[in-house]
Undergrad: 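One structure coming up, written as structure tokens, with questions to follow.
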Amino acid sequence: MPRFFFCLLTAAVLLGVAAPRADAQGPIDYSRGAGTWPNFNIYRAPEVPEADLDDSATIDRLIREGKLYVSLQDLILLALENNLDIEVGRYGRLEADTDLLRARAGAQLSGVQTQISTLSTGQSAQQSGQQVQGQRGQATGITTNASQQATNAAATGNAASFFGTQTTNLDPTFSTTMTFARTSNPQISDFVTGTNTLVQETNSYNLNYSQGFTTGTTLGVGFSTVLSENNNLRSLFNPALGSDMSLTIRQPLLQGFGRAVNNRNIRIAKNNQEVQDLQFELQLISTVTQLQNLYWDLVAFIAEAEGRQADLELSELLVRNTKRQVELGLQPGFEITRVEAETTLYRQQLLDAEDNIRRQENIIKNAISKFGPSSTTLLGIDIVPVDEIEVPENEPVEPLQDLIEQALRSRPGLVSARMNRENSDINLKGIKNAMLPSVDLTAFARNNALAGTINENLTILPGVGEANPFFIGGFGTALGQITRRNFPDYGVFLSLNIPLKNRQAQADMTRELLRRRRTDLQIRQQENNIKLEVTQAVQGLARARESYRIAEQARQLRAAMLEAEKKRFTLGSSSIFQIVQVQRDLANARTGEINAMRSYMAARDELDRATGRVLVRQDISIEAAYQGNLN
């Protein structure tokens, strides 16, 4: 009978405890699986889908006649679908979901990650000639300053959650112990037991259920029963059954009291989900910004190669004309050497420009394919950008103060820093609570029972009465005594623990307050740095646009000078050397114009980055980016 009750109670507890209901909305909960009751999935390893290492079909759709025709939007779409930097960033939110699951169990947080992956989106190939001016940034297109680094470092661990009052274990727990024992004890005298050797067989069963709550309260329910059978001739009952059922409630009154202390990790974990969304937004901004750099650099490299091809054709035409004039005796023979030497220079520059294109294409392929530049789909495929660099006559007028305010609202790094400061304030409540004395109130109630069968070998000593019929019976008799509370125990305990110096709690609290003050300064640093970045970006864009106008005018003037020099040469008032020199000046002016165009695009992209509107400019939503597609 006791064993049957044990199995029944075990099943009842598993039914009530092991199959909690899932939230209607919330993070992915890998702990529950798809089963109902009995929910044995909670004891199995969660199923996490394998990483998707295949490219999307969009690449095939954009390939025509052996070439990949892409606009900037196409390139960004391919990156959202296939870029491994972005794919790595998507796991941050999933990890934050598991941290929330830990917090709901009452465990400490493992923290969020703030690294930006740049392995799949590298820097552009080095341009021949002078480097493009303007903001190029690092590999991600984002310059990380000291205050940002400090803020990111503070967000990685949430170390403060390990200090102060520890949160209550919120996961319900069921435990049971079963004992089957046989003992044989020699007796000095047989007066007590009626035998010189007391042999006893004991079967005991214990069931316990415990639950913690965010108020700090802990609840314990227990049931135990002991069935004992022996050869004691003086025992009224053999076998004898003793049972009890208990309820214990413990409530901290100072240290550990209240929801603000015990659910702080849950609130922080929910904030960290938003922090991970902001971190993913930073990853997107990083990747999209660098993709813009890669795309416009490829456009510039192609324009430079076309310019070098035009320079080479002009130089070869000059070689042919010079040879004819030498044959006619109008020019000395060494002039052929001069113009041919100039031609080899342009030929080498064209080769360098084409090499830059090939290298840039490989970098872009690595950014838009999970197989990298060795992708069988992209192997041997030329990338043809269909967007051109356009410099408008006038920039839209936006007040500087409005741009700064937009940046202070939109920059995800700054928003993340403010949320980390909020997390710090939440943690401070738990650390401050640890400074209080420990006062715990514990109340318990226990119902006892005893039942048994009359000992067939009973030897009653003189003066000892017979067994009370109230106790005669089995498990049902014992259970009836428990439910009727025939033999109750109850009590209340108050425990007080007062530290006489409390130095550790004071040190922890002081340290966190100091960190909090430092965080305020670091956020102000970030705000000032953002203001400076926006101001410089606005000035840089205006300067880049004006520089392009100057470079465009210089190229036009150099082209006119070359035509004029050719006419002078026809009239005999110029020389091959002067033509070569003017032609070289035109080539340099053409390169300067291309660099100025590229600098303008870099300055425009930098203004978008500084004001936090890179994703808005490209019409990218965080939800769509998580799904890996654009409308």
Side-chain angles (χ1 to χ4, degrees), residues 20 23 25-27 29 96-112 151 154-173 210-220 248-276 278 415-443 494-499 502-520 523:
D23 294 336
Q25 295 179 347
D29 189 345
D97 291 345
T98 64
D99 229 17
L100 179 58
L101 189 63
R102 284 179 56 87
R104 286 176 172 169
Q108 299 292 347
L109 303 180
S110 59
V112 297
T151 302
T156 55
N158 292 313
S161 65
F162 291 91
F163 297 98
T165 301
Q166 298 303 303
T167 57
T168 304
N169 183 12
L170 301 177
D171 266 0
T173 303
S210 61
Q211 171 73 65
F213 302 92
T214 55
T215 57
T217 308
T218 55
L219 169 69
T248 304
I249 300 176
R250 176 180 172 272
Q251 176 62 58
L253 300 181
L254 290 178
Q255 188 178 124
F257 173 80
R259 297 181 182 275
V261 174
N262 292 287
N263 74 350
R264 68 184 191 274
N265 283 343
I266 297 176
R267 288 181 287 157
I268 291 173
K270 290 180 178 179
N271 284 347
N272 283 348
Q273 289 180 315
E274 297 185 36
V275 170
Q276 283 301 144
L278 293 168
V415 178
S416 178
R418 291 167 178 163
M419 296 202 67
N420 288 326
R421 180 173 60 184
E422 181 182 343
N423 286 347
S424 177
D425 291 339
I426 295 173
N427 266 323
L428 277 173
K429 296 179 181 179
I431 297 175
K432 182 179 180 180
N433 182 263
M435 301 182 66
L436 299 175
S438 177
V439 181
D440 297 337
L441 180 65
T442 304
L494 183 67
S495 63
L496 175 63
N497 183 9
I498 301 177
N502 213 22
R503 289 181 290 188
Q504 178 179 343
Q506 290 177 345
D508 291 344
M509 185 63 184
T510 304
R511 181 189 57 249
E512 291 308 313
L513 287 173
L514 292 173
R515 289 178 176 176
R516 178 63 171 77
R517 304 298 183 262
R518 183 176 61 187
T519 299
D520 290 338
I523 291 177

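The analysis underlying the following values was restricted to heavy atoms, covering all of them including side chains, and did not include hydrogens, waters or symmetry mates.
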Undergrad: Can you list the residues that meet the salt bridge (Lys or Arg N to Asp or Glu O under 4.0 Å) rule with Arg421, with sequence neighbours excluded?
TA: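 Partners of Arg421 by the salt bridge (Lys or Arg N to Asp or Glu O under 4.0 Å) criterion, ordered by chain and then number, come out as Asp520.
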Undergrad: Closest approach of Arg516 and Ser424, non-hydrogen atoms and distance?
TA: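 Shortest heavy-atom separation between Arg516 and Ser424 comes out as CD-OG, 3.9 Å.
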Undergrad: Roughly how far apart are Asn433 CG and Leu428 CG, rounded to 0.5 Å?
TA: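 Taking CG in Asn433 and CG in Leu428, the distance rounds to 12.0 Å.
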Undergrad: State whether the side chain of Gln255 and the backbone N or O of Leu436 hold a donor-acceptor pair below 3.5 Å, judged by distance alone.
TA: yes
Undergrad: Counting distance only, does the side-chain N/O of Arg104 pair as donor-acceptor with the main-chain N or O of Leu170 below 3.5 Å?
TA: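 No: the side chain of Arg104 does not pair with the backbone of Leu170.
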Undergrad: Taking side-chain contact (heavy atoms from CB on, under 4.5 Å) as the definition, give me every residue that meets it alongside Leu441, ordered by chain and number, with sequence neighbours left out.
TA: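 Listed in chain order: Leu253, Val492, Leu494.
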Undergrad: For the CG atom of Leu100 and the CD1 atom of Ile268, what is their distance to the nearest 0.5 Å?
TA: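 Output value for this atom pair is 12.0 Å.
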Undergrad: Is it the case that atom CD in Gln506 sees more than 12 heavy atoms from other parts of the structure closer than 6.0 Å?
TA: yes
Undergrad: Any idea which heavy atoms bring Ala96 and Gln276 closest together, and the distance?
TA: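 Closest heavy-atom pair between Ala96 and Gln276: CB-CG, 3.6 Å.
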Undergrad: Enter the distance from Ile426:CD1 to Lys270:NZ here, rounded to the nearest 0.5 Å.
TA: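 Answer for the CD1-NZ pair, Ile426 versus Lys270, is 10.5 Å.
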Undergrad: Once salt bridge (charged side-chain N to carboxylate O under 4.0 Å, His left out) is applied, what residue pairs with a partner in residues 428-443 remain, sequence neighbours excluded?
TA: Arg250-Asp440
Undergrad: Taking all non-hydrogen atoms of both residues into account, name the closest pair between Leu219 and Phe213 and its distance.
TA: CB-CE1, 4.0 Å
Undergrad: For Val261 and Thr167: C-alpha separation, side-chain torsions, deciding distance, then whether side-chain contact (heavy atoms from CB on, under 4.5 Å) applies.
TA: CA-CA 7 Å; Val261 174; Thr167 57; 5.8 Å; no
Undergrad: Looking at every heavy atom in both Thr173 and Asn169, which two are closest together, and how far apart are they?
TA: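 Where Thr173 meets Asn169 most closely, the heavy atoms are OG1-ND2, 4.4 Å.
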Undergrad: Provide the closest heavy-atom pair for Asn262 versus Thr214 in the form atom of the first, atom of the second, distance.
TA: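 In this case the closest contact between Asn262 and Thr214 is CB-O, 3.0 Å.
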Undergrad: Quick one: CG on Asn423 to CD on Glu274, what's the gap to the nearest 0.5 Å?
TA: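 Output value for this atom pair is 9.5 Å.
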Undergrad: Using only atom types and a distance under 3.5 Å, with no angle test, would you say the side chain of Asp99 pairs donor to acceptor with the backbone of Gly111?
TA: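 Checking the backbone N and O of Gly111 against the side chain of Asp99, a donor-acceptor pair under 3.5 Å is found.
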Undergrad: Between Thr218 and Gly212 (side chain of the first, backbone of the second, donor and acceptor by atom type, cut-off under 3.5 Å), is there such a pair?
TA: no
Undergrad: Pick one: which of Ile498, Asn497, Leu254 meets side chain to side chain contact (heavy atoms under 4.5 Å, CB included) with Val439?
TA: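 With Val439 as partner, side chain to side chain contact (heavy atoms under 4.5 Å, CB included) holds for just one option, Leu254.
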Undergrad: Starting from the C-alpha separation in whole Å, work towards a yes-or-no answer on side-chain contact (heavy atoms from CB on, under 4.5 Å) for Asp508 and Arg511.
TA: CA-CA 5 Å; Asp508 291 344; Arg511 181 189 57 249; 3.2 Å; yes
Undergrad: Locate the shortest heavy-atom distance separating Pro499 from Pro437; write the atom from each residue and the value.
TA: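 Looks like CD-CA, 4.3 Å.
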Undergrad: I'd like to know if the side chain of Glu512 and the backbone of Thr510 have a donor-acceptor N/O pair within less than 3.5 Å.
TA: no
Undergrad: Could you give me the CA-CA distance, side-chain angles and deciding distance for Thr217 and Gln211, then say whether side-chain contact (heavy atoms from CB on, under 4.5 Å) is met?
TA: CA-CA 8 Å; Thr217 308; Gln211 171 73 65; over 6 Å; no
Undergrad: Determine, stepwise, if the pair Thr215 / Gln251 fulfils side-chain contact (heavy atoms from CB on, under 4.5 Å).
TA: CA-CA 8 Å; Thr215 57; Gln251 176 62 58; 4.2 Å; yes
Undergrad: Is the side chain of Asn265 donor-acceptor paired with the backbone N or O of Ala103 at a distance under 3.5 Å, no angle test?
TA: no
